[in-house]
**Student:** 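Please see the structure below; I have some questions.
Quick caveat, the model's predicted, so the values are computed rather than measured.
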Amino acid sequence: MAVPKGVIGNWDLTKCTPAQIEEDTKNLIADLTKIADQVGSVPLDKADYEKIAKPLEELQRVFRTRGAVLDMPQHCVADKLVRDASSKAEEKMEEFDVALNMRSDIFERLLQVQKSDLASLRAEQKRFVEKLIVKGKRYGLHLSPEIQTKIKELKTKESELSIKFSSNLNEDDTKLYFKKEDLVGLPEDLIKEFPEGEDGLLEVTIKYNHLFPVMKKCRLPETRKAMITAANQKCMSNNTPLLEELVRIRHEAAQLLGFPTHAAFILSDRMAKTTEAVADFLTDLHAKLEPLALKERDVMLQLKQEEFTELGMKFEGELELWDMRYYMDMVEKKKYAVDHTILREYFPLERVLSGMFEIYQKLLSVSFTKVDDAAVWHQDVSMYSVSDAETADLLGYFFLDLHPRPGKYSHAAVFPLQPTCRPEPNSERQVSVCAMLCNFSKPSAEKPALLEHSEVETLFHEFGHVMHNVCSRVDIAMFCGTAVARDFVEAPSQMLENWVWHKEPLALMSAHYKTGEAIPDELLQKLATSRKANAGLVNMRQIALATFDQEIHSRESVDTAALFAELHKKITGFAVVPNTNMPASFGHVGGGYDAQYYGYLWSEVFSMDMFDTKFAGKVLDASVGKQYRRLILERGNTVDAMDMLVEFLGRQPNNAAFLKSKGL
C-alpha cells in the first residue's frame with residue numbers, strides 16, 4: 001500500500017496495537033512539551049512572533065496531525081483493545097492540552113507579543129496571537145494561582161468524563177428480537193437485513209439504519225414502543241451520572257472564571273454572545289411554530305384514530321412518542337403522496353455517491369480521484385484525493401466509511417485527520433485529510449444499498465463538512481476548515497442540504513436500482529412540496545433539545561431525566577417513555593456541543609439566507625460556487641463568521657428565508 005502524496009499518518013489502523021498507541025502518545029506529548037518549554041524559556045524582553053507564536057503554530061500542526069492517528073481508532077477499529085487504548089490516548093492528550101492552555105509562562109510571552117509585535121504581522125498571525133490570549137483567559141490565566149489550579153483540576157476531570165461518555169455510546173451494542181409478524185409494514189428488503197436466529201427471531205439494533213425505518217414503517221405500536229424505549233435507555237445507567245457530574249463541574253469552572261453559568265461562559269465566545277440572545281431566539285421560534293405544530297398534531301391524531309378504527313383497535317385519544325415518526329411518515333404519504341418505500345428504490349448508494357460527487361465537483365470547481373490500494377482501517381473504507389479543477393493543485397484527501405459495524409461511531413460525522421497549513425507564504429502547503437463516518441445499510445445479495453431520502457440529505461450535509469475541511473486554504477493549522485464558531489459550523493453544510501430538494505441535482509444522484517429510470521417528475525414535485533411537512537413538530541423537537549441543553553448548563557446541578565421529561569412534554573406535546581433518559585445518549589451535551597446545540601437552528605438562519613440569496617434558481621452555477629468556496633470554505637476561522645457572511649451576501653443576514661423554509 002503506497003502512501004499518497006502529502007499524507008503524513010498511516011491510516012491502516014488495523015496494524016495498531018495498544019502498546020504502540022501508548023508509546024506513540026507518550027512520544028507525542030514529550031515532543032510537544034519540548035516545544036512548549038522552549039517557548040516558555042524565551043526571555044520576556046526577547047519575545048516576538050518568531051520566537052513565541054511561530055513555534056506554537058508548529059505545536060498546533062504536530063498535535064492535530066499526529067494526535068489524530070492516536071484518537072481515530074476508538075471510532076472505527078474492530079479490535080476493542082485498540083479502541084480502549086485510543087480512548088485512553090485521547091484522555092492523555094486532553095490532559096496535556098489543558099496543561100498547555102494553562103501555562104502562564106507562555107501566556108505572559110504572548111501578551112508581550114501582543115504589546116510589541118502585532119503591527120508587522122499578517123492578519124492571520126495577529127488573529128492567532130489574539131485567539132491564544134483569549135483562550136488563556138478562558139482558562140483563568142489572568143486569575144490567581146489558586147484559582148488556576150482548581151480550574152485545571154476541573155477541566156481535566158471534564159475531559160475525562162466527556163471521553164468516557166462518548167466511549168460508552170460507541171461501545172453500546174443493544175439488540176432487540178422480534179418475530180417477522182412484529183415488523184409488519186417494513187419493506188421486505190429491510191427485513192432481510194435482520195439476522196435470523198435459530199429460534200426464528202429477527203435481530204434488530206437501535207442504530208439509525210434500523211431504528212428510523214422501524215419507527216416510520218412498523219404498524220405495530222408495541223414494536224415501535226419497544227424500539228424507542230431501548231433507544232432512550234441507551235447507556236442510561238452509565239451515562240446519566242456522568243452527564244450530571246459534567247454539569248456540576250462545568251458550572252463550578254464557569255463561576256471560578258467569573259461567569260454566572262456554563263452557558264454564559266460558552267456563549268460569550270460565540271456568535272450569539274449571551275444566554276439572553278439564545279433564549280429569545282428559541283422562545284420567538286417556539287411562539288411562531290406552535291400554531292403550526294398544534295395543527296400537525298391534530299392531523300396525526302385524526303390519522304391514528306382512523307387507523308385504529310380500521311384495525312379494530314381501541315383508540316385512547318392520545319399521541320405517544322412512538323407514534324411521532326410513524327404518523328409523520330403517514331402524513332407525507334397521504335397528504336403529499338410521497339411514499340418513501342417507493343422513493344428509496346431510486347436512491348441506490350453508489351448512484352447517490354457518483355451524483356453527489358458530480359455536483360460538488362461542478363459547483364466548487366474541484367476534481368475527485370479514487371486512491372487505489374489505499375491504506376485504510378476497514379475493507380468498507382475508500383479514499384479519494386481532491387484537486388483544484390483548474391490548476392490541478394492537490395487540495396487534500398477524504399475517506400468514506402459508510403456502513404455500520406460493532407464498535408464503530410454510531411451516528412454521522414466528519415473527523416478532521418490532518419489540517420491544512422502553510423508555515424510561510426511561499427512554503428509547501430500541508431494538505432487537509434478528513435474522514436466521513438456514517439451508518440447506512442449495506443448492500444445485500446439481492447439489492448444494492450438503498451437510501452431513504454433523509455439519508456441522502458444526511459450524506460449531502462456531512463459531505464459539506466468534508467469540503468469545508470479539504471477546500472480550506474489557511475496558513476495556520478488552528479484555523480483549518482470547520483474550526484469556526486460552533487454556532488456557525490453547521491451553516492455551510494446545512495446550506496448544501498438544499499440540493500437534495502431540487503430537480504436538477506436530484507436527477508444526477510438518483511435512478512431506479514432495477515431499471516435505471518429517473519424519478520418521475522410528479523414524484524419529484526410531490527417530494528419538493530413535502531419539504532415543509534411536519535416542520536412544526538420537527539423543529540419543536542430541536543427547540544426542546546436546545547432548551548434542555550441551555551437549561552442544564554444554566555444550573556449548578558440537575559436531574560436530567562426529570563428535566564428532559566418536563567421540557568419535552570411542554571415544548572413538543574409528547575410525553576417521554578417512562579423509565580428512560582434520552583440525554584444519556586445525547587452525545588452533543590456529553591462534549592463538544594455543550595450549551596451549543598441551539599447552533600443547529602441558529603446557523604440554519606444563515607444557511608437558508610445564503611441559499612435563497614445566492615443559489616436559488618442556479619443550484620449548479622459554478623461561478624457562484626467558486627465565490628462560496630473562496631469566501632466561506634477556504635477561509636476556515638481566519639475571519640469572523642459574520643464578516644464572511646456579510647461579504648458573501650453583500651448585506652447583513654436576516655431570517656426571512658429561514659422562516660419561509662419552515663412554512664411561516
Side-chain angles (χ1 to χ4, degrees), residues 14 75-84 167-239 311 313 320-323 325-326 329 340-341 344-345 348-349 378-381 401-412 437-452 455 513 577-580 582 584-585:
T14 59
H75 304 295
C76 64
V77 167
D79 188 330
K80 187 178 186 308
L81 293 176
V82 172
R83 293 199 304 272
D84 290 345
S167 177
N168 287 341
L169 294 179
N170 284 352
E171 294 301 329
D172 180 79
D173 197 26
T174 299
K175 296 181 177 72
L176 291 87
Y177 298 89
F178 298 103
K179 298 174 185 175
K180 185 174 180 180
E181 52 265 35
D182 294 334
L183 299 169
V184 61
L186 267 68
E188 191 63 30
D189 65 298
L190 181 61
I191 290 176
K192 286 180 179 176
E193 268 189 36
F194 304 143
E196 185 174 349
E198 291 180 6
D199 55 6
L201 296 179
L202 300 176
E203 179 184 289
V204 184
T205 74
I206 56 170
K207 294 186 187 299
Y208 286 171
N209 65 313
H210 287 180
L211 176 65
F212 290 161
V214 173
M215 297 310 297
K216 288 179 179 180
K217 303 291 183 187
C218 183
R219 289 208 295 269
L220 280 189
E222 295 82 5
T223 300
R224 300 197 307 270
K225 182 179 180 181
M227 287 291 287
I228 197 67
T229 301
N232 288 349
Q233 287 178 339
K234 180 179 176 180
C235 297
M236 189 168 121
S237 59
N238 291 329
N239 277 3
L311 297 174
M313 298 166 65
E320 305 291 354
L321 187 60
W322 53 89
D323 293 329
R325 289 186 187 273
Y326 179 74
D329 189 70
H340 286 281
T341 301
R344 70 195 290 266
E345 295 182 353
L349 177 58
H378 191 271
Q379 62 187 18
D380 289 347
V381 180
D401 185 352
L402 301 180
H403 303 298
R405 55 183 180 270
K408 181 187 163 185
Y409 180 78
S410 59
H411 300 288
L437 271 58
C438 297
N439 285 278
F440 303 128
S441 294
K442 296 186 77 165
S444 67
E446 297 85 23
K447 279 185 180 180
L450 300 176
L451 301 187
E452 296 272 344
E455 292 179 310
Y513 80 97
V577 183
N579 302 313
T580 64
M582 177 269 170
S585 57

**Student:** Quick one: does any side-chain atom of N239 pair with a main-chain N or O of S585 as donor and acceptor, under 3.5 Å?
**Tutor:**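 Answer holds: no.
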
**Student:** For the side chain of T580 and the backbone of M582, is there at least one donor-acceptor N/O pair under 3.5 Å apart?
**Tutor:**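 It does not hold such a pair.
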
**Student:** Can you list the steps and then say if H75 with N170 is a side-chain contact (heavy atoms from CB on, under 4.5 Å)?
**Tutor:** CA-CA 7 Å; H75 304 295; N170 284 352; 3.4 Å; yes

**Student:** Within the distance-only criterion (no hydrogens, no angle test), does the side chain of Q233 pair as donor or acceptor with the backbone N or O of N579 below 3.5 angstrom?
**Tutor:**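 Pair found, side chain donor or acceptor close to backbone of N579.
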
**Student:** How many angstroms lie between atom OG of S441 and atom CG of L190, to the nearest 0.5 angstrom?
**Tutor:**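 S441 atom OG to L190 atom CG measures 6.0 Å (nearest 0.5 Å).
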
**Student:** Can you list the residues that meet the side chain to side chain donor-acceptor pair (under 3.5 Å) rule with Y409, with sequence neighbours excluded?
**Tutor:**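 For Y409 there are no side chain to side chain donor-acceptor pair (under 3.5 Å) partners, ignoring immediate neighbours.
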
**Student:** Does K234 form a side-chain contact (heavy atoms from CB on, under 4.5 Å) with S410? I'd like the steps, not just the answer.
**Tutor:** CA-CA 12 Å; K234 180 179 176 180; S410 59; 3.5 Å; yes

**Student:** Please give me the minimum heavy-atom distance between G200 and E196, naming the atom from each residue.
**Tutor:**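 Of all heavy-atom pairs spanning G200 and E196, the closest is CA-OE2, 3.6 Å.
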
**Student:** Taking C-beta and beyond as the side chain, do R344 and D189 meet within less than 4.5 Å on heavy atoms?
**Tutor:**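 In short, these two side chains touch, coming nearer than 4.5 Å.
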
**Student:** Taking only residues two or more places apart in sequence, or in another chain, which ones meet F440 in a ring pair (Phe, Tyr, Trp, His ring centres under 6.0 Å)?
**Tutor:**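 So F440 forms no ring pair (Phe, Tyr, Trp, His ring centres under 6.0 Å) with any residue.
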
**Student:** Quick one: CG on D79 to CG on D84, what's the gap to the nearest 0.5 Å?
**Tutor:**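 CG of D84 is found 9.0 Å from CG of D79.
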
**Student:** For residues 171-188, which residue pairs qualify under salt bridge (charged side-chain N to carboxylate O under 4.0 Å, His left out), counting only residues two or more places apart or in two chains?
**Tutor:**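 Found R83-E171, D173-K175, K180-E188.
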
**Student:** Kindly write out the residues that satisfy side chain to side chain contact (heavy atoms under 4.5 Å, CB included) with P443, not counting sequence neighbours, or none if the list is empty.
**Tutor:**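 Only H403, A449 meet the side chain to side chain contact (heavy atoms under 4.5 Å, CB included) criterion with P443.
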
**Student:** The criterion is side chain to side chain contact (heavy atoms under 4.5 Å, CB included); which residues satisfy it with N238, sequence neighbours excluded?
**Tutor:**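 With sequence neighbours excluded, N238 shows a side chain to side chain contact (heavy atoms under 4.5 Å, CB included) to N168, given in chain and number order.
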
**Student:** Going by the ring-ring contact (aromatic ring centres under 6.0 Å, His included) test, which pairs reach into residues 177-199, not counting sequence neighbours?
**Tutor:**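 Sorted pair list: F194-H210.
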
**Student:** Can you name the residues that form a salt bridge (Lys or Arg N to Asp or Glu O under 4.0 Å) with D380, not counting sequence neighbours?
**Tutor:**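 Once residues adjacent in sequence are excluded, the partners of D380 under the salt bridge (Lys or Arg N to Asp or Glu O under 4.0 Å) criterion are K442.
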
**Student:** Quick one, E455 and Y208 - any side-chain contact, counting heavy atoms below 4.5 Å?
**Tutor:**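 No, their side chains stay 4.5 Å or more apart.
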
**Student:** Ignoring hydrogens and angles, tell me if any N or O in the side chain of R224 forms a donor-acceptor pair with the backbone of W322 under 3.5 Å.
**Tutor:**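 Yes, because the side chain of R224 sits within donor-acceptor range (under 3.5 Å) of the backbone of W322.
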
**Student:** Would you mind writing out the side-chain donor-acceptor pairs for residues 225-232 within the sub-3.5 Å range, not counting sequence neighbours?
**Tutor:**
from: T229; atom 1: OG1; to: K225; atom 2: O; distance (Å): 2.6

**Student:** How long is the span from the OG1 atom in T174 to the CD1 atom in I206, to the nearest 0.5 Å?
**Tutor:**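 Going from the OG1 atom of T174 to the CD1 atom of I206 covers 4.0 Å.
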
**Student:** Side chains of L202 and P195: closer than 4.5 Å at any heavy-atom pair?
**Tutor:**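 The answer is no; the side chains never approach within 4.5 Å.
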
**Student:** Once side chain to side chain contact (heavy atoms under 4.5 Å, CB included) is applied, do any residues pair with T341, and if so which ones, sequence neighbours excluded?
**Tutor:**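 With sequence neighbours excluded, T341 shows a side chain to side chain contact (heavy atoms under 4.5 Å, CB included) to P187, K217, D339, given in chain and number order.
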
**Student:** Taking only residues two or more places apart in sequence, or in another chain, which ones meet R405 in a salt bridge (Lys or Arg N to Asp or Glu O under 4.0 Å)?
**Tutor:**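 Checked R405 against salt bridge (Lys or Arg N to Asp or Glu O under 4.0 Å); matches are D401.
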
**Student:** Using a strict cut-off of less than 4.0 Å between a Lys/Arg side-chain nitrogen and an Asp/Glu carboxylate oxygen, indicate whether D329 and R325 qualify as a salt bridge.
**Tutor:**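 No, no charged N to carboxylate O under 4.0 Å.
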
**Student:** List the steps, then state whether side-chain contact (heavy atoms from CB on, under 4.5 Å) holds for K408 with L437.
**Tutor:** CA-CA 9 Å; K408 181 187 163 185; L437 271 58; 4.0 Å; yes

**Student:** Output all residues satisfying side chain to side chain contact (heavy atoms under 4.5 Å, CB included) with Y513, sequence neighbours left out; order by chain, then residue number.
**Tutor:**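 For Y513 the side chain to side chain contact (heavy atoms under 4.5 Å, CB included) partners, ignoring immediate neighbours, are E345, P348, K447, P448, L450.
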
**Student:** What is the distance from atom SG of C438 to atom CG of L402, rounded to the nearest 0.5 Å?
**Tutor:**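 Answer rounded to 0.5 Å: 5.5 Å.
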
**Student:** Suppose we screen for side chain to side chain donor-acceptor pair (under 3.5 Å). Which residues come up paired with T223, at least two apart in sequence or across chains?
**Tutor:**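 None.
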
**Student:** Write down the atom of A584, the atom of L169, and the distance for their closest heavy-atom approach.
**Tutor:**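 Shortest heavy-atom separation between A584 and L169 comes out as O-CD2, 3.8 Å.
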
